[in-house]
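Step one of this worksheet: look at the structure below.
A note on names: the letters A, B, ... follow the listed sequences, proteins ahead of strands, and every chain is numbered from 1.
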Amino acid sequence: MSANTQIVESFWLARPSTSVAPDLLGCSLVRQFPDGETIRGIIVETEAYGPGDPACHAYRQRTPRNEVMFGPAGMSYVYLIYGMYHCFNVVTDAEGVASAVLIRALQVDAVPQEFAGIPDKKRSRLAAGPGKLCKVLKIDRTLSGFPLGAGQPLRLEHRSDRFQQAVEEGTINFVQTTRIGISQGIDLPWRWYVGNSTAVSQL
DNA sequence: AGTGGGATCTGT
DNA sequence: CAGATCCCACTA
């Protein structure tokens with residue numbers, strides 16, 4: 001696998017969310033608009049949700065909202081939270097197994113024009129949170145249930161060679177901890193983030 | 001048909 | 001730490 005190739009191999013995501021979540025760190029999420037404009041961010045924080053997990057939206061029943069989580073890997077799952085923010089997930093694992101990885105933070109290098117006026121300190125943390133990154137990339141529920149492949153409004157790209165090399169050399173390390181903002185399943189260590197990143201939602 | 005709480009974020 | 005704000009899953 002070479003750098004910057006798009007992740008069209010959905011089988012790569014057809015594994016338990018707890019395996020996929022750390023592997024998504026360093027990959028890029030790319031938003032492509034009809035006019036050709038793109039906004040991209042490097043994934044620096046993720047959380048896994050899956051079977052037997054009381055914090056998972058599909059823990060109780062298959063419902064209209066969580067339907068896409070039961071589908072094949074490599075699809076988007078977007079939902080509205082607290083009436084005003086959206087959260088973006090990558091659906092994982094085999095068809096019929098409800099699971100997903102919540103993307104919690106992105107490092108956005110090329111900040112869109114409309115955010116150019118804000119202070120440097122805030123600008124580096126523009127997408128440091130699941131609701132914030134959806135605001136920056138203009139992700140809402142209309143983008144739920146679509147494949148994350150080439151030519152789509154949202155797509156994933158693999159780690160750059162540079163990032164992968166840094167991981168292997170130990171220059172970049174990953175931290176695994178418990179998840180944030182939930183009231184059940186609070187002891188499961190299913191949150192991962194890039195150790196030296198300044199763009200994670202919390203430490 | 002009504003309702004309580006939610007995988008959040010911002011400003012005080 | 002309160003408030004914003006809306007959808008939906010659950011109860012009846």
Open item on the list: Keeping A:Arg31 on the side-chain end and A:Val136 on the backbone end, is there a donor-acceptor pair under 3.5 Å?
Closed with: no
Task: G-U wobble or Watson-Crick pairing nucleotide for C:dT5 (cut-off 3.5 Å, both distances) - done: none
Open item on the list: Using 0.5 Å steps for rounding, measure from the CD atom of A:Gln152 to the OG atom of A:Ser76.
Closed with: 8.5 Å
Task: Partner of A:Arg15 by side chain to side chain donor-acceptor pair (under 3.5 Å), out of A:Asp93, A:Asp23, A:Thr92 - done: A:Asp23
Task: Partner nucleotide, any strand, of B:dA7 [Watson-Crick/G-U, under 3.5 Å] - done: none
Open item on the list: Using a 6.0 Å cut-off, check whether atom CZ of A:Arg162 has over 12 heavy atoms from anything other than its own residue.
Closed with: no
- [ ] Test salt bridge (Lys or Arg N to Asp or Glu O under 4.0 Å) on A:Lys138 and A:Glu114 and set out the steps.
- [x] CA-CA 12 Å; A:Lys138 299 186 173 68; A:Glu114 60 187 293; 2.5 Å; yes
- [ ] Give one of base, sugar-phosphate or nothing for A:Ser201, where a contact means two heavy atoms less than 4.0 Å apart.
- [x] nothing
- [ ] Could you tell me from which nucleotide to which nucleotide of DNA chain B, 5' to 3', there is an atom under 4.0 Å from chain A heavy atoms?
- [x] B:dG6 to B:dG11
Task: Inter-nucleotide P distance (B:dG5, C:dA2), Å rounded - done: 16 Å
Task: Backbone N/O of A:Ala105 and side chain of A:Ser201: donor-acceptor pair under 3.5 Å - done: no
- [ ] Could you tell me whether A:Lys135 contacts a base, only the sugar-phosphate backbone, or nothing, with contacts defined as non-hydrogen atoms closer than 4.0 Å?
- [x] nothing
Open item on the list: Would you say that more than 12 heavy atoms from the other residues, nucleotides or ligands in this model lie under 6.0 Å from the CZ of A:Arg60, or not?
Closed with: no
- [ ] Mark yes or no for whether A:Arg125, through its side chain, and A:Thr198, through its backbone, hold a donor-acceptor pair below 3.5 Å.
- [x] yes
- [ ] Treat primed atoms plus P, OP1 and OP2 as sugar-phosphate and everything else as base, then score nucleotides 4-11 of chain C 5' to 3': B for base contact with protein heavy atoms under 4.0 Å, S for sugar-phosphate contact only, - for none.
- [x] BBBSSSS-
